[in-house]
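The structure appears right after this line, and notes come after that.
These numbers come from the heavy atoms of this one structure, side chains and all, not from hydrogens, waters or symmetry mates. In what follows, every chain begins at residue 1, and chains take the letters A, B, ... in the order their sequences are listed.
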Protein chains: 2
Amino acid sequence: MENLARKDPAPNSVRVGQVLETATRLFTERGYEAASIRDLAAELAIRPSSLYHHFPGKQNILFTICFGMQRDFNAEVMPHLAAGRTPEEAIRGTIRQHILFSQRRKGEVLVNIRERRSLPPKLLARVNELRRQYRDAVADVIADGHRQGVFRLTQPKLAAMAILDMANGQALWFKPRDRRDLDRLADSYAQAAVVLLGGWVPVP
Amino acid sequence: MENLARKDPAPNSVRVGQVLETATRLFTERGYEAASIRDLAAELAIRPSSLYHHFPGKQNILFTICFGMQRDFNAEVMPHLAAGRTPEEAIRGTIRQHILFSQRRKGEVLVNIRERRSLPPKLLARVNELRRQYRDAVADVIADGHRQGVFRLTQPKLAAMAILDMANGQALWFKPRDRRDLDRLADSYAQAAVVLLGGWVPVP
DNA sequence: GTCTATACGCAGATAGAC
DNA sequence: GTCTATCTGCGTATAGAC
C-alpha cells in the first residue's frame with residue numbers, strides 16, 4: 001500500500017552517505033526529535049524498514065553525524081594550533097580554520113551543536129571527548145602565550161571557552177555572500193580572538 | 001485507572017506558575033520535543049487533560065516561557081545601554097547584566113536558546129522581534145562608539161553578534177561556585193567586550 | 001480545577017520474503 | 001538492499017462528568 005503516494009520510483013540502492021546527507025539536512029531543518037524515520041525514508045524514496053539495513057537505529061545515525069564531524073574537525077583544525085611560530089599566530093590560524101570548517105560543513109556542525117544532547121550517555125561521551133581535546137589544546141596555547149607574556153589573562157580555560165563560543169556562534173546566523181565575504185569574517189574573528197587575549201586583564 | 005501508579009495525592013489546585021516552572025525544568029533537561037505532556041502532568045501530579053485547563057496546548061507553554069523570559073530580559077538589561085556616560089560604560093554594564101540575568105534565570109534562558117525554534121512561525125516571530133530589538137540597541141551603542149572614535153570596527157551589527165554569542169555561551173557551561181565567582185565572570189566578560197570593541201580593526 | 005475515558009495518528013523497530 | 005506487513009507503545013488533544 002501507499003505506493004501511489006510516492007512521486008519518484010525507488011532507486012536500486014541507497015548509499016550510507018546519502019542517508020547521512022539527508023538525515024543531516026532533516027535534523028538541521030526540523031530537529032532530531034521532530035524528524036522521524038518515516039520522514040527520512042520518504043526523502044530517500046525508500047521504505048522505513050530499509051534504513052535498518054544501513055544503521056541499527058535512529059540514535060546511531062545521529063552519532064555517526066556528530067562523531068564524524070568532530071573527528072574531521074579536530075584532524076583539520078588542531079594542526080593549526082602547533083603551526084604558528086607564536087601563540088598569536090597559532091590562535092589566529094586556528095580560529096580562521098575553525099570558521100572555514102564550520103561554514104563548509106555547516107549542516108553537520110549545526111546537528112552536532114544542537115542535537116548532540118539527544119545521544120545516549122555513552123555515545124555522547126565519545127563526542128564530548130573529542131570536543132574536550134580541542135578545547136584543552138586551545139587552552140594550552142593560551143597558557144603558553146601567558147607564560148611568554150603576550151597574553152595577560154590568568155584563566156586559560158575560561159578564555160578558551162569565551163573565544164570558542166564566539167567562533168561557534170556564527171554558524172547559526174552568518175550566511176556569506178561569496179568566498180570573499182567568508183574570508184573576511186574568518187580573518188576578522190581570528191583577529192578578534194587575538195585582540196581579546198592580548199588585552200584581557202584578569203578581574204580579581 | 002492508574003490511580004495506584006501515582007505516588008503522591010493530587011493537589012487541590014495547580015497554579016500556572018507551577019506549570020511553567022516544571023515545564024521549564026523538563027524542557028531544559030530533555031528538550032521540548034522529547035518532553036511529553038504526560039511527563040509534565042506526572043511531575044505535577046495531575047492528569048494530562050488537566051493541563052489543557054491552563055494552556056490551550058504544548059506549543060503555548062513553550063511560547064509563554066520564551067516570550068516571558070525575553071520580555072523580562074529586555075526590560076531589565078536594555079536600560080543599561082543608555083545608562084553609561086560613555087559607550088564603553090554602556091557596553092560594560094549591559095554585558096554584566098546580561099550575564100547576571102542569564103545565570104539567575106538560566107532555565108528559561110536555556111529553553112529560549114535551544115527550544116525556541118520548535119515554535120510555529122508566528123509565535124517564533126514575536127520572540128525574535130524582542131531579540132532583534134536588543135541586538136539592534138547594542139549595535140547602535142557600538143556605532144556611537146565608532147563615531148566618537150573609541151571603537152575602530154566598521155560593522156556594528158557583526159560586532160554585536162560576536163559579543164552576544166560570547167555572552168550567551170556561558171549559560172550552557174558556567175556553574176558559579178558562589179556569588180563572588182559569578183560577579184567575577186560577569187565583570188570579566190564585560191571587560192572582554194570592551195577590549196574587543198576597542199582593539200578590533202576591520203579586515204578589508 | 002481535576003477527573004475518567006477515549007479518539008486518532010504516528011513513533012521506532014522487527015520478521016521474513018524477494 | 002529493498003520490500004510488505006505488522007507489532008507495541010506513546011504522542012497531543014478532546015468530551016463531558018464531578
Side-chain angles (χ1 to χ4, degrees), chain A residues 1-24 26-27 29-65 111 115 117-120 122-123, chain B residues 1-23 26-27 29-65 111 115 117-120 123:
Chain A
M1 65 178 68
E2 295 274 18
N3 268 327
L4 297 177
R6 206 170 60 210
K7 294 166 194 164
D8 304 315
N12 287 337
S13 149
V14 167
R15 290 180 227 285
V16 169
Q18 289 178 269
V19 177
L20 292 175
E21 280 175 33
T22 308
T24 298
L26 273 185
F27 292 170
E29 289 170 1
R30 310 182 197 179
Y32 170 75
E33 300 286 355
S36 72
I37 288 287
R38 283 173 154 87
D39 294 335
L40 178 55
E43 294 263 343
L44 290 163
I46 60 176
R47 301 292 168 192
S49 58
S50 303
L51 284 168
Y52 291 86
H53 174 75
H54 302 288
F55 293 93
K58 195 187 175 190
Q59 286 178 332
N60 192 270
I61 298 178
L62 178 60
F63 174 74
T64 304
I65 295 169
V111 169
E115 314 297 342
R117 73 190 165 114
S118 294
L119 289 170
K122 288 196 176 179
L123 295 182
Chain B
M1 64 177 65
E2 296 273 17
N3 268 328
L4 298 177
R6 207 171 60 209
K7 294 166 195 164
D8 304 315
N12 286 339
S13 149
V14 166
R15 292 181 227 288
V16 169
Q18 290 178 268
V19 176
L20 291 174
E21 280 175 33
T22 308
L26 273 184
F27 293 170
E29 289 170 0
R30 311 183 196 178
Y32 170 75
E33 299 285 356
S36 72
I37 289 286
R38 282 173 153 90
D39 294 336
L40 178 55
E43 294 262 343
L44 290 163
I46 59 175
R47 300 294 167 190
S49 58
S50 303
L51 283 168
Y52 291 86
H53 175 75
H54 303 288
F55 294 94
K58 194 187 175 190
Q59 286 177 332
N60 192 269
I61 298 177
L62 177 60
F63 173 74
T64 304
I65 295 169
V111 169
E115 314 298 341
R117 71 191 166 109
S118 294
L119 288 170
L123 296 181

If I take atom [atom1] in residue [X] and atom [atom2] in nucleotide [N], what distance separates them, rounded to the nearest angstrom?
{"X": "B:F55", "N": "D:dT12", "atom1": "CZ", "atom2": "P", "result": "15 Å"}
{"X": "B:R15", "N": "C:dG1", "atom1": "CZ", "atom2": "P", "result": "10 Å"}
{"X": "B:L51", "N": "C:dT2", "atom1": "CG", "atom2": "P", "result": "9 Å"}
{"X": "B:L40", "N": "D:dA13", "atom1": "CG", "atom2": "P", "result": "12 Å"}
{"X": "B:I61", "N": "D:dA13", "atom1": "CD1", "atom2": "C1'", "result": "12 Å"}
{"X": "A:R30", "N": "C:dA11", "atom1": "CZ", "atom2": "C1'", "result": "14 Å"}
{"X": "B:R47", "N": "D:dA13", "atom1": "CZ", "atom2": "C1'", "result": "17 Å"}

Does A:E33 reach the main-chain N or O of B:E33 with its side chain, forming a donor-acceptor pair under 3.5 Å?
no

Could you tell me whether the side chain of B:Y32 and the main chain of B:Q59 form a donor-acceptor pair under 3.5 Å?
yes

Can you see if the side chain of B:H53 gets near the phosphate of C:dC3 - specifically, an N or O under 4.0 Å from OP1 or OP2?
no

In terms of side-chain geometry, is the basic nitrogen of B:K58 or B:E115 positioned less than 4.0 Å from the acidic oxygen of its partner?
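Answer for the salt bridge query: no.
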
Just jot down the side-chain hydrogen bond (donor to acceptor under 3.5 Å, both in side chains) partners of B:E43, sequence neighbours excluded, or say none.
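With neighbours one apart ignored, the set is B:R25.
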
Carefully, step by step, assess B:L40 and B:I61 under the rule side chain to side chain contact (heavy atoms under 4.5 Å, CB included).
CA-CA 11 Å; B:L40 178 55; B:I61 298 177; 4.0 Å; yes

Non-neighbouring partners of B:F55 that pass ring-ring contact (aromatic ring centres under 6.0 Å, His included), sequence neighbours left out:
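B:F55 satisfies ring-ring contact (aromatic ring centres under 6.0 Å, His included) with no other residue.
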
Contact state string [nucleotides 12-18 of chain C, B base, S sugar-phosphate only, - no protein heavy atom under 4.0 Å]
BBBB---

